Amino acid sequence: MNPYVSIAPDVKLGRDVKLSKFINLYGCQIGDESRIGAFVEIQKNASVGKRCKVSSHTFICEGVTIEDNVFIGHGVMFINDSYPRATAADGNLQTEADWKVERTVVKKGASIGSGATILSNLSIGENAIVGAGSVVTKDVPPGSIVVGNPAKILRYIEQTVEASK
């Protein structure tokens, strides 16, 4: 086992997955031919599809589903709790029993630029592009380009039949 990679025994890796050093994977699933960069964490109950590229310093938390052919830039952060708190009402540190995972889906062929933050309870549409540094607070329509904080539609991508396959 590579001493610079932490992969829990419950991780499901597809065929020909490429893993960099200094990654932390547990309870997740990664599809065939995907590439995971250095300093990436993918938590339990998260999935990455086939032929995806997840760049370095990215955090994919529990409840995130990334479909096939998705590009994730450097330092992308996913969020799975709209109102995070350290402690419960009784003052004790929260446990998994004190909150509910909020889901996020990144559809087939989407691209997320470096430094983007993706909030929970939303979907990034098929072949959409999220600009670098954007903060996505609501659903991103298929084939759109969104930018800014909060991310807003800049325009739509002209797609050919071949590009959408």
Side-chain angles (χ1 to χ4, degrees), residues 1-81 96 101-137 139-147 149 151 154 157-165:
M1 180 69 166
N2 184 333
Y4 302 110
V5 176
S6 176
I7 303 174
D10 58 355
V11 171
K12 295 178 182 156
L13 295 176
R15 176 183 44 80
D16 296 328
V17 170
K18 302 227 183 317
L19 303 173
S20 295
K21 291 182 179 179
F22 309 110
I23 61 173
N24 188 23
L25 310 177
Y26 54 97
C28 61
Q29 185 170 337
I30 301 172
D32 297 345
E33 302 174 18
S34 287
R35 294 181 182 183
I36 309 299
F39 303 104
V40 168
E41 180 171 336
I42 305 176
Q43 293 186 328
K44 69 180 180 182
N45 302 319
S47 65
V48 175
K50 297 176 182 177
R51 294 171 305 285
C52 292
K53 181 177 180 189
V54 179
S55 301
S56 68
H57 299 86
T58 289
F59 175 69
I60 301 172
C61 55
E62 181 176 6
V64 173
T65 299
I66 297 172
E67 294 184 353
D68 298 341
N69 307 321
V70 169
F71 172 82
I72 307 289
H74 299 278
V76 173
M77 296 292 140
F78 287 87
I79 309 299
N80 65 2
D81 187 348
E96 287 189 36
V101 172
E102 298 172 350
R103 308 209 54 83
T104 299
V105 177
V106 181
K107 298 287 192 173
K108 180 181 175 184
S111 293
I112 300 175
S114 294
T117 300
I118 313 301
L119 299 187
S120 58
N121 289 325
L122 58 81
S123 176
I124 296 176
E126 195 167 309
N127 297 314
I129 297 175
V130 175
S134 295
V135 177
V136 178
T137 60
D139 288 343
V140 175
S144 65
I145 299 173
V146 299
V147 297
N149 181 5
L154 178 66
I157 303 166
E158 290 185 35
Q159 297 179 4
T160 64
V161 173
E162 189 62 33
S164 63
K165 287 183 182 176

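Quantities reported herein were computed from a predicted structural model and do not represent experimental measurements.
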Rounded distance [0.5 Å steps], [atom1] in [X] versus [atom2] in [Y]:
X: Gln29; Y: Asn45; atom1: CD; atom2: CG; answer: 10.5 Å
X: Glu126; Y: Asp68; atom1: CD; atom2: CG; answer: 10.0 Å
X: Ser34; Y: Leu19; atom1: OG; atom2: CG; answer: 10.0 Å
X: Ile118; Y: Met77; atom1: CD1; atom2: CE; answer: 11.0 Å
X: Ser6; Y: Lys21; atom1: OG; atom2: NZ; answer: 15.5 Å
X: Phe59; Y: Thr117; atom1: CZ; atom2: OG1; answer: 12.0 Å

Do any N or O atoms from the side chain of [X] and from the backbone of [Y] form a donor-acceptor pair under 3.5 angstrom?
X: Thr104; Y: Gly63; value: no
X: Asn24; Y: Glu41; value: no
X: Ser55; Y: Ile72; value: yes
X: Asp139; Y: Ser123; value: yes
X: Ser56; Y: Gly37; value: no

Minimum heavy-atom distance [X]-[Y], with the two atoms named:
X: Ser20; Y: Ala38; value: CB-N, 3.3 Å
X: Val17; Y: Gly31; value: CG2-O, 3.3 Å
X: Phe39; Y: Ile23; value: N-CG2, 4.1 Å
X: Ser134; Y: Val147; value: OG-CA, 3.2 Å
X: Ile124; Y: Val130; value: CD1-CG2, 4.0 Å
X: Ile60; Y: Val54; value: CD1-CG1, 4.0 Å

Handout entry: Reference residue Cys52; test side-chain contact (heavy atoms from CB on, under 4.5 Å); the match among Asp32, Ile36, Val106, Val70
Key =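 The side-chain contact (heavy atoms from CB on, under 4.5 Å) with Cys52 is passed solely by Val70 among Asp32, Ile36, Val106, Val70.
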Handout entry: Among Val11, Asp10, Val5, the one residue meeting side-chain contact (heavy atoms from CB on, under 4.5 Å) with Leu25
Key = Val11
Practice task
State whether the number of non-hydrogen atoms from other residues, nucleotides or ligands found under 6.0 Å of Arg51 atom CZ is greater than 12.
Solution key: yes
Handout entry: side chain to side chain donor-acceptor pair (under 3.5 Å) partner of Tyr26, chosen from Gln43, Lys44, Glu62
Key =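 Only one option passes, and that is Gln43.
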Practice task
Could you check Ile157 against Ile145 for side-chain contact (heavy atoms from CB on, under 4.5 Å), going step by step and ending with a plain yes or no?
Solution key: CA-CA 7 Å; Ile157 303 166; Ile145 299 173; 3.7 Å; yes
Fill in the blank from the handout: For Glu102, the salt bridge (Lys or Arg N to Asp or Glu O under 4.0 Å) test, sequence neighbours excluded, returns none
Problem - Electrostatic pair Lys107:Glu67 at N-O distance under 4.0 angstrom - result: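 A salt bridge is present here (some side-chain N lies under 4.0 Å from a carboxylate O).
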